[in-house]
Protein chains: 2
Amino acid sequence: MPNIKMIARKAGVSISTVSRVMNGSKPVSPDLQKRVYDAVQQMNYKPNSIARSLILKKTNLIGVVVPDVSNSFHAQLLSGIEEVTAQADYGVMICNVYRNMKQQQKYFNLMLERHVDGIILLHENTIEELNEFQKMTNTPLVLASVPLEVPGIPFVGIDEISAAYDAVTHLIEKGHQEIGLIYGDCTALGILRKEGYEKAMRDHGLTMKEEYLTQCPCSVDHGYQAMEQLLCTGAHPTAVFCVSDEMAVGAMDCAYDKGLRVPEDISFIGFDDIEISQVVRPRLTTIHQPIKDIGKEAARLLIEMIEKKSRSMKHSGGDQAASEESRIILKHSLVERGTV
Amino acid sequence: MPNIKMIARKAGVSISTVSRVMNGSKPVSPDLQKRVYDAVQQMNYKPNSIARSLILKKTNLIGVVVPDVSNSFHAQLLSGIEEVTAQADYGVMICNVYRNMKQQQKYFNLMLERHVDGIILLHENTIEELNEFQKMTNTPLVLASVPLEVPGIPFVGIDEISAAYDAVTHLIEKGHQEIGLIYGDCTALGILRKEGYEKAMRDHGLTMKEEYLTQCPCSVDHGYQAMEQLLCTGAHPTAVFCVSDEMAVGAMDCAYDKGLRVPEDISFIGFDDIEISQVVRPRLTTIHQPIKDIGKEAARLLIEMIEKKSRSMKHSGGDQAASEESRIILKHSLVERGTV
DNA sequence: GAATTTTCGGAAAATGTTTTCCTAAACATC
DNA sequence: GATGTTTAGGAAAACATTTTCCGAAAATTC
């Protein structure tokens, strides 16, 4: 591998001249420029990115902290992120948290030790952890589809409450009054969606029955169990709103096993519009999220923050946090299929 | 951020001593050791990984080239990879190729420019490209679930031919004789699985009809179209082997829409055992691949190669390619569900 | 044609490590 | 007591860049 010194020697110029033509940082006479380009070509020279990182304090690497890459929703977010980062010449490093949220701090440190230029969080942290993080470093951070309100940390996603509201309203408009809810209460996501449910019920003058509420982690299997539990109580909802598609297909499955017909005997509405909602029979009616776009927007915003920060560092030399105070809310939509 | 010099000053020792206690590369007296540790603690010192990379010529970063992260199969592979790399203190950088295989070379260059220590390929390249790659660099490379035979490049996956053979044999054992095939012929995967189909048919004395063979890209929608096409020809297979679960659920859907009952009128068997095969009704009978384990094994092997190489570089100083000549074949299995 | 400004190339410092090469002391051997 | 062998620990080179500073040459102005 040739280095800048070899190119300089070959082209008969100084090291700095080579650097200047490579980065266009200062004007260089056409004559020398050509000599440098020729040498670069002949030796197939590529500037060493590590050495550049060291001096420029920029790795062109962003970190993505994700609960589980193999989950369809997160994988799609990731794909959106990757698309725009790749275009902007950033690499993305992933960090799979699985469910061991305890080691959260460790993951942050890992990314920071690798000097990522910024982080996208797909995984829910406590607000304290986020504040802690901000205190510790001024590495840009954005939350994608993690609806937390933390001063200085931008969020991109949908309006969870109103999306849930729309889902439940749809059920109500179709004539349902006894509406069950399967949700998870240990994430902000689940809680907000539940809020949307409650609001819709209230706004339409429906009473919420305690026994119609069931909570479980977000997975097909847990959705099944939750539905079982819901039916066990003797409750007979005519429709169920599940705060994720996985839960919904699990729940549907349970209903099916209990001899209930969907949508004749019981209706279901999901949330997210991931792949499985389009392969189950009947097709799952659900709330569509522009998942990939959320990823893209998050990446776009993060890169913007990174570049803004590195510009300001260059000029003022200071390290004031360039805190972007923004929330990017994308449009969700109801997609009617066959389960209500 | 403190650097090694500051620690040295604080502890009242030389830079090299600090380095030595950090890496345990040479013995240091307990007294000085303690002083260094105290300084490190007090200043919360973390060695700068970039500077280390520069001198050690090791980034502790591996690259994963993947056709599409949002695809369930690849996402699972990735998750397996990430699990073992994280444990071994390697980061993983992803490179989403989407379908533009043309720019393949560009992706390799991208990874090499970032000086990844090794690459896992989940995306099929031509053998020429791989040879080209090997000629260009001696960065370790392993193929995960890309069944290509290239000298010096290890592969980890399943025995595609025999897995396909098992699938078709299962159909035959259940009494089917008219067996259709939906496959893709532009990947080694599709071709090998087709081979398995052919072998099974031949071994059981069944004739293969040209009109029973349909090919299409691997997706639910294409599977649907392929099935449509298959039925259009007037052929009436009693079972269809689809070389991926996506194709299979698409094909099943088509059958369903044509008024055929599964499995009474027509049977289906898929391949991969990804999530959707467990949510469709009836549940898809399929060939199970230990996807996550493939990812894990690939990562394990790659890291082994990397460390072996860096050891040999250290001792002999040479840069002979430490070519591992291995193929790791994991066990597949038939999982009987409801579609045959 | 002289004075002033602009342009451009080169030397050297800076980035934060690891590692090689020394020196000097401690220890063992004869 | 003299000599050889470990061992601890420091100075400096090496890694591959970018960037600042400086001086020389060229271009512009009066």
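Proteins get letters first, then strands, A, B, ... in listed order; numbering begins at 1 in each. Quantities reported herein were computed from a predicted structural model and do not represent experimental measurements. Atoms considered below: every heavy atom in the structure, side chains included; atoms not considered: hydrogens, waters and symmetry mates.
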Let's see if you can work this out: which of D/dT18, C/dT19, C/dT17 has an atom nearest to the side-chain heavy atoms of B/Pro47? C/dT17
NA contact type, A/Lys46, heavy-atom cut-off 4.0 Å: base, sugar-phosphate, or nothing? sugar-phosphate
For A/Ser16 and A/Ser19, which I'm curious about, is there any donor-acceptor pair between the side chains at under 3.5 Å? no
Please report, rounded to the nearest Å, how far the P atom of D/dT19 is from the NZ atom of A/Lys57. 12 Å
Taking pairs as Watson-Crick (N1-N3 plus N6-O4 or O6-N4) or G-U wobble (N1-O2 and O6-N3), each distance under 3.5 Å, the stems of three or more consecutive pairs with DNA chain D are C:1-30 with D:1-30
Residues two or more places apart in sequence or in another chain: which of them pass ring-ring contact (aromatic ring centres under 6.0 Å, His included) with A/Tyr90? none
Please report, rounded to the nearest Å, how far the C1' atom of D/dA16 is from the OH atom of A/Tyr45. 7 Å
Looking only at non-hydrogen atoms, find the nearest pair between A/Pro47 and A/Met22 and report the distance. CG-CE, 3.6 Å
Separation of atom CD1 in A/Ile7 from atom C1' in D/dT17, rounded to whole Å: 13 Å
Please determine, for the side chain of B/Arg52, which listed nucleotide (C/dT18, D/dT17, D/dT19) has the closest atom? C/dT18
Polar side-chain atom of B/Arg114 near backbone of B/Thr59 as donor-acceptor pair, under 3.5 Å: no
Mind calculating the distance between CE (B/Met6) and P (C/dT17) to the nearest angstrom? 11 Å
Please list, for nucleotides 7-14 of chain D, all pairs of protein and nucleotide N/O atoms separated by less than 3.5 Å.
{"residue": "D/dG9", "atom": "OP1", "partner": "B/Ser29", "partner atom": "OG", "Å": "2.8"}
{"residue": "D/dG9", "atom": "OP2", "partner": "B/Ser29", "partner atom": "N", "Å": "2.8"}
{"residue": "D/dG9", "atom": "OP2", "partner": "B/Ser29", "partner atom": "OG", "Å": "3.3"}
{"residue": "D/dG9", "atom": "N7", "partner": "B/Arg20", "partner atom": "NH2", "Å": "3.0"}
{"residue": "D/dG10", "atom": "OP2", "partner": "B/Ser14", "partner atom": "N", "Å": "3.0"}
{"residue": "D/dG10", "atom": "OP2", "partner": "B/Ser14", "partner atom": "OG", "Å": "2.9"}
{"residue": "D/dG10", "atom": "OP2", "partner": "B/Thr17", "partner atom": "OG1", "Å": "2.4"}
{"residue": "D/dG10", "atom": "N7", "partner": "B/Ser16", "partner atom": "OG", "Å": "3.3"}
{"residue": "D/dG10", "atom": "N7", "partner": "B/Arg20", "partner atom": "NH2", "Å": "2.9"}
{"residue": "D/dG10", "atom": "O6", "partner": "B/Arg20", "partner atom": "NH1", "Å": "3.4"}

Could you check how far NZ of A/Lys5 sits from P of D/dC15, rounded to whole Å? 7 Å
What contact category does B/Leu54 fall into here, base, sugar-phosphate, or nothing, at under 4.0 angstrom with non-hydrogen atoms? base
Does a salt bridge link A/Glu304 with A/Arg300, judged by any charged N lying under 4.0 Å from a carboxylate O? yes
Measure the distance from CE on B/Met1 to P on C/dG16 and round it to the nearest whole Å. 11 Å
How long is the span from the CD atom in A/Glu129 to the CE atom in A/Met136, to the nearest 0.5 Å? 10.5 Å
B/Ile50 has an atom CD1; how far is it from atom P of D/dT18, in whole Å? 14 Å
Would you say B/Glu124's side chain and B/Thr187's backbone share a donor-acceptor pair under 3.5 angstrom? no
Would you say B/Asn3 places a side-chain N or O within less than 4.0 Å of OP1 or OP2 belonging to C/dT17? no
Take atom CG of A/Asp31 and atom P of D/dA25, then tell me their distance rounded to the nearest Å. 17 Å
Give a yes or no on whether the backbone of A/Ser70 and the side-chain of B/Gln76 come within a donor-acceptor separation of less than 3.5 Å. no
Please say which of B/Ile94, B/Leu122, B/Val66 ends up in a side-chain contact (heavy atoms from CB on, under 4.5 Å) with B/Ile81. B/Leu122
